[in-house]
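Notes to accompany the following structure.
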Amino acid sequence: MNLCDIRTVKNIMEAFGLRFRKEFGQNFLTNPMIVSDIADSASDTAADSILEIGPGIGTLTRELCARYSRVLALEIDRGLIPALSYTLDEFDNVTVVNEDVMKADLPALLTPYFEAGSVSVCANLPYYITTPILMKLLESELPFRYITIMIQSEVADRLTAKAGSGAYGAITAMLNYYGTAERLFTVSAGNFIPPPSVSSAVVRIKLHEQKPYQPKDPEIFRRTVKAAFEQRRKTLPNALSAGFPALSKEQCVAVVSKAGHRPDIRGERLDVAQFVALSDLIAELL
């Protein structure tokens, strides 16, 4: 079954009474080489189980099933479930669950998969909800090996940006706390049906087995990063003052200075190690 063939896709959708649903960010890949490359990138071992988010009609799912031990696919669109039963019928190592990943109890769903071995994530994420999904995966603290995602190219730039660059933001710093992101390749709009309005890119995140930086208070660390970028045009002391109302402006200037930074520095200049060190000093004041 060639789910990269546009005619085949349209026939399946017609047979199951389906339509492309913009509210779910449904853009299906039609380039078999790209599908194969994404599946190959999902992990470096066939023994892995794969959590796929948003399988659509199963184009990437089929390639994942052919490469890895087990696949758990979460699909929010109830209408696609019968179609997935048809397109994945030949595989006995896949489970499809009709659930919204943002509402799913991932630890409960994935317990048997982690008991069987390591788990990685592979997904073609809707552009409008990329960051919330990624943060849910990271903040779940589940020991994923890799998270391989196809996302809007502009978001890929942010995920892989260096501290001090214009694309560097809160999501970059938080991601670097959990792992290391690598941009693999770009995917132009013409490789989808229907074609999206922007280009996409595939990013692979290798999760740290042991985080190299351990803040005294992880919640204060998150608040520090969030405060630094919520008003990124402000100096870091002013941004921290807005994000931590319990601290005076004088205390914020002092804590930034104690961390070794000039009082006119902006948050975008700090890497994850510096944010952890700064948050530890803030935690001592609260």
Side-chain angles (χ1 to χ4, degrees), residues 1-6 8-10 12-13 16 18 20-21 24-46 48-77 79-101 110 113 119-127 129-130 133-134 137 144-153 155-156 183-196 199-205:
M1 185 181 299
N2 182 10
L3 295 182
C4 289
D5 177 68
I6 294 176
T8 299
V9 172
K10 289 182 175 179
I12 290 173
M13 295 190 72
F16 287 92
L18 300 172
F20 294 105
R21 299 184 63 175
F24 293 149
Q26 289 178 352
N27 304 94
F28 300 160
L29 277 166
T30 58
N31 186 323
M33 292 184 64
I34 290 174
V35 175
S36 179
D37 287 345
I38 295 172
D40 286 343
S41 303
S43 179
D44 52 14
T45 173
D48 257 12
S49 294
I50 303 293
L51 168 65
E52 185 189 12
I53 301 167
I57 61 169
T59 310
L60 176 59
T61 320
R62 289 173 58 86
E63 297 299 320
L64 294 172
C65 290
R67 287 166 172 76
Y68 304 105
S69 62
R70 292 194 293 177
V71 176
L72 172 64
L74 299 186
E75 176 53 58
I76 189 174
D77 186 353
L80 284 171
I81 303 304
L84 284 165
S85 295
Y86 169 71
T87 60
L88 302 175
D89 180 63
E90 67 190 85
F91 297 99
D92 60 5
N93 62 336
V94 59
T95 300
V96 178
V97 176
N98 177 209
E99 196 158 352
D100 179 353
V101 66
L110 291 168
Y113 295 88
V119 179
S120 292
V121 180
C122 191
N124 175 11
L125 293 182
Y127 296 153
I129 200 171
T130 294
I133 292 176
L134 180 56
L137 292 171
F144 298 117
R145 294 185 67 243
Y146 294 98
I147 298 176
T148 302
I149 48 177
M150 183 161 61
I151 53 180
Q152 185 176 346
S153 186
V155 178
R183 184 182 181 128
L184 299 182
F185 51 88
T186 299
V187 184
S188 63
N191 292 290
F192 297 87
I193 178 175
S199 62
S200 305
V202 176
V203 170
R204 182 171 60 192
I205 302 163

If every non-hydrogen atom of L18 is compared with every non-hydrogen atom of A83, which pair is closest and at what distance? CD1-CB, 3.8 Å
Can you check whether L72 reaches E52 side chain to side chain, under 4.5 Å on heavy atoms? no
Would you check if V94 and R70 make a side-chain contact, meaning some heavy-atom pair closer than 4.5 Å? no
How close do V203 and A156 get, counting heavy atoms only, and between which atoms? CG2-CB, 3.6 Å
Give a yes or no on whether the backbone of S153 and the side-chain of S200 come within a donor-acceptor separation of less than 3.5 Å. no
If we only count heavy atoms from C-beta on, is the I53 to N124 side-chain gap below 4.5 Å? no
Would you say that V202 contacts T148 through its side chain, given a criterion of any heavy-atom pair below 4.5 Å between the two side chains? yes
Checking R62 against F91: charged group under 6.0 Å from the ring centre and within 45 degrees of the axis? no
Does one side chain, of D48 or S120, offer a donor that lies under 3.5 Å from an acceptor on the other? yes
Determine, stepwise, if the pair I193 / N27 fulfils side-chain contact (heavy atoms from CB on, under 4.5 Å). CA-CA 5 Å; I193 178 175; N27 304 94; over 6 Å; no
Got a sec: does the OH of Y86 have more than 12 other heavy atoms crowding it under 6.0 Å? no
Between V71 and Y113, which heavy-atom pair has the shortest distance, and what is it? O-OH, 4.4 Å
Quick one, I50 and Y146 - any side-chain contact, counting heavy atoms below 4.5 Å? no
Before you tell me yes or no, could you show the steps for L184 and I38 under side-chain contact (heavy atoms from CB on, under 4.5 Å), namely the whole-Å CA-CA distance, both residues' side-chain angles and the distance that decides it to 0.1 Å? CA-CA 9 Å; L184 299 182; I38 295 172; over 6 Å; no
What's the shortest heavy-atom distance between P195 and A189, and which atoms? CB-O, 3.4 Å
Is there a side-chain contact between S49 and Y68, using heavy atoms and a 4.5 Å cut-off? no
Closest non-hydrogen atom pair, I34 against F185: CG2-CE1, 4.1 Å
G56 versus E75, closest heavy-atom pair with distance: N-OE1, 3.1 Å
Option passing side chain to side chain contact (heavy atoms under 4.5 Å, CB included) with L3 (candidates T59, T61, L60, V35): T59
With side-chain contact (heavy atoms from CB on, under 4.5 Å) as the test, would you mind laying out the steps for T87 and F16 before giving the verdict? CA-CA 12 Å; T87 60; F16 287 92; over 6 Å; no
C4 vs N31 side-chain heavy atoms within contact, under 4.5 Å: no
Would you check, one step at a time, whether the test side-chain contact (heavy atoms from CB on, under 4.5 Å) holds for Q152 with L125? CA-CA 9 Å; Q152 185 176 346; L125 293 182; over 6 Å; no
Verify the distance criterion only: is there a donor paired with an acceptor across the side chains of S36 and R67 at less than 3.5 Å? yes
Considering only heavy atoms from C-beta outward, does the side chain of V96 approach that of I81 to under 4.5 Å? yes
